[in-house]
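Comments concern the structure below.
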Amino acid sequence: YTSIALDSSGKAYISYYDITNGAIGDLKYATNASGDTTPPSVSLNAVTSPTSVTSQTITGTVESGATVSVATSTAASDGSATVSGTTWSYTITGLVEGANGITVTATDTAGNTATASGSITLDTTAPTVSSTSPASGAVGVSASSVITAAFSEAMNSSTITTSTFTVNNGTDNISGAVSYSDTTATFTPSASLSSYTTYTATITTGVTDATGNAMAANATWSFTTADT
């Protein structure tokens with residue numbers, strides 16, 4: 001014989017006969033058993049992504065009394081988070097190149113679970129200059145031309161300046177303005193270029209991509225203006 005009843009809060013009250021000590025059995029009670037089926041609250045705070053660092057401490061909030069575990073979709077580390085009151089933290093190590101999915105699982109004292117998810121993208125690849133205008137070795141270039149360089153990925157625009165993008169006429173760096181938009185840097189000369197002159201453009205390793213990776217070497221190319 002077993003009897004189960006629920007009170008208004010959802011807690012279970014169980015009574016049953018334990019016949020291990022005889023045919024008649026002993027009447028047993030289990031009262032105030034938890035009827036909690038509500039998943040715990042859990043959140044994951046904003047992560048730093050993309051990043052060039054292979055480890056990162058992630059944090060969030062969680063229902064008081066719950067435990068938190070962290071799992072990744074790659075070979076990066078998994079483990080139990082440190083919980084203090086209603087906050088948690090965990091340091092992921094061994095992030096791999098590309099997207100690293102994150103699943104945070106909270107488990108309350110009744111065994112209910114809830115998850116929060118996110119992703120950290122690791123980028124350790126050095127950017128390159130993929131194309132230029134004028135092209136390297138071009139001749140007959142218009143004296144009114146601007147000089148552009150397209151990068152292999154999104155760059156940190158604050159690193160692309162007249163110090164890191166220069167144009168030289170064989171004697172001096174010419175004056176001009178530098179701008180950046182949609183992965184392309186543009187050098188606009190302050191005055192028309194001189195005719196039948198060879199110019200050398202240089203982008204230095206001082207430029208970095210959005211995650212802080214610098215070019216492995218300076219990018220240089222030369223072109224010659226038209227004889228007008």
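Residues take their numbers from the sequence shown, with the count starting at 1.
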### Task
Supply the atom-to-atom distance Asn173 CG to Phe165 CZ, rounded to the nearest 0.5 angstrom.
11.5 Å
### Minimum heavy-atom distance between Pro39 and Ala114, given as atom pair plus value
CB-CB, 4.1 Å
### Ser190 and Ser175: side chain donor to acceptor below 3.5 Å
yes
## Note on the structure
Distance col, row Ile147:CD1 vs Thr132:OG1, nearest 0.5 angstrom, shows 10.5 Å
### Task
State, with a plain yes or no, whether a side-chain heavy atom of Val42 is found less than 4.5 Å away from one of Thr61.
no
### Side chain Trp88, main chain Ser80, donor-acceptor under 3.5 Å
no
### Query
side chain to side chain contact (heavy atoms under 4.5 Å, CB included) between Thr166 and Asn168: does it pass, once the steps are laid out?
CA-CA 7 Å; Thr166 61; Asn168 189 283; 5.9 Å; no
### Query
Honestly curious: do Ile174 and Val141 fall in one hydrophobic cluster under the side-chain, below-4.5 Å linking rule?
yes
### Query
Is a side-chain N or O of Thr51 found less than 3.5 angstrom from the main chain of Ser49, in a donor-acceptor match?
no
### Task
Output the distance between atom CG (Leu95) and atom CD (Gln56), rounded to the nearest 0.5 Å.
7.0 Å
### Query
Does the side chain of Thr107 pick up a donor-acceptor pair with the side chain of Thr113 at under 3.5 Å?
no
#### Entry: Verify same cluster id: Val146, Phe151 (apolar side-chain graph, 4.5 Å)
no
#### Entry: Derivation of the side-chain hydrogen bond (donor to acceptor under 3.5 Å, both in side chains) call for Thr211 and Asp209
CA-CA 5 Å; Thr211 58; Asp209 65 17; 3.0 Å; yes
### Message
As a quick check of understanding, evaluate side-chain hydrogen bond (donor to acceptor under 3.5 Å, both in side chains) for Thr198 and Thr224, giving each step before the final call.
### Response
CA-CA 4 Å; Thr198 297; Thr224 302; 2.9 Å; yes
### Task
With rounding to the nearest 0.5 Å, note down the distance linking CG in Asn213 to CE in Met215.
12.5 Å
### Ser144 and Ser142: side chain donor to acceptor below 3.5 Å
yes
### Task
Start with the C-alpha gap between Thr124 and Glu97, add the side-chain angles, then the distance that decides, and say whether side-chain hydrogen bond (donor to acceptor under 3.5 Å, both in side chains) holds.
CA-CA 7 Å; Thr124 59; Glu97 194 77 11; 2.6 Å; yes
#### Entry: No-hydrogen, no-angle side-chain donor-acceptor test under 3.5 Å, Ser77 and Tyr90
yes
### Query
Atom OH of Tyr180 and atom OG1 of Thr148: how far apart are they, to the nearest 0.5 Å?
12.5 Å
### Query
Just by distance, with hydrogens left out, do Thr72 and Asn100 show a side-chain donor and acceptor under 3.5 Å apart?
no
#### Entry: Donor-acceptor contact present, side-chain Thr204 to main-chain Gly206, <3.5 Å
yes
### Message
Within this structure, what is the CD1-CD1 distance for the pair Ile58 and Ile102, rounded to the nearest 0.5 Å?
### Response
4.5 Å
### Query
Can you check whether Thr197's main-chain N or O pairs, donor with acceptor, with Thr225's side chain at less than 3.5 Å?
yes
### Message
Could you tell me if the side chain of Ser145 sits less than 4.5 Å from the side chain of Phe223, heavy atoms only?
### Response
no
### Query
Can you find a side-chain donor-acceptor pair between Asn156 and Ser158 that sits under 3.5 Å?
yes
### Task
Using only heavy-atom distances, determine whether the side chains of Glu63 and Thr86 contain a donor-acceptor pair under 3.5 Å.
no
#### Entry: Test side chain to side chain contact (heavy atoms under 4.5 Å, CB included) applied to Val139 and Tyr196, step by step
CA-CA 9 Å; Val139 295; Tyr196 201 55; over 6 Å; no
### Query
Just by distance, do the side chain of Ser73 and the backbone of Gly101 share a donor-acceptor pair under 3.5 Å?
yes
### Query
Checking side chain to side chain contact (heavy atoms under 4.5 Å, CB included) for the pair Met155/Thr183: CA distance, chi angles, key distance, verdict?
CA-CA 6 Å; Met155 302 294 287; Thr183 73; 5.9 Å; no
### Summary
In terms of heavy-atom contacts, Thr162 and Gly176 come closest through CG2-O, 3.5 Å
### Message
Closer than 3.5 angstrom, by distance alone: can the side chain of Thr164 be matched with the main-chain N or O of Thr159 as a donor-acceptor pair?
### Response
yes
### Query
Will you find, in the side chains of Thr103 and Thr115, an N or O donor that is under 3.5 Å from an N or O acceptor?
no
#### Entry: Smallest separation among heavy atoms of Ser152 and Ser130, with atom names
N-OG, 4.2 Å
#### Entry: Distance-minimising heavy-atom pair for Val104 and Val70
CG2-CG2, 4.4 Å
### Message
Can you see whether Thr91 engages Thr57 through a side-chain donor-acceptor pair at a distance of less than 3.5 angstrom?
### Response
yes
### Query
Looking only at side chains, do Asn45 and Thr59 share a donor and an acceptor under 3.5 Å apart?
yes
### Query
Would a hydrophobic clustering, with Ile, Leu, Val, Met, Phe, Trp and Tyr connected at side-chain separations under 4.5 Å, put Ile92 with Val83?
yes
### Message
Please find the pair of heavy atoms, one from Ser119 and one from Ala99, that lie closest to each other, and give the distance.
### Response
OG-CB, 3.9 Å
### Summary
Heavy-atom nearest pair, Val129 first then Ala149, reads CG1-CB, 4.0 Å
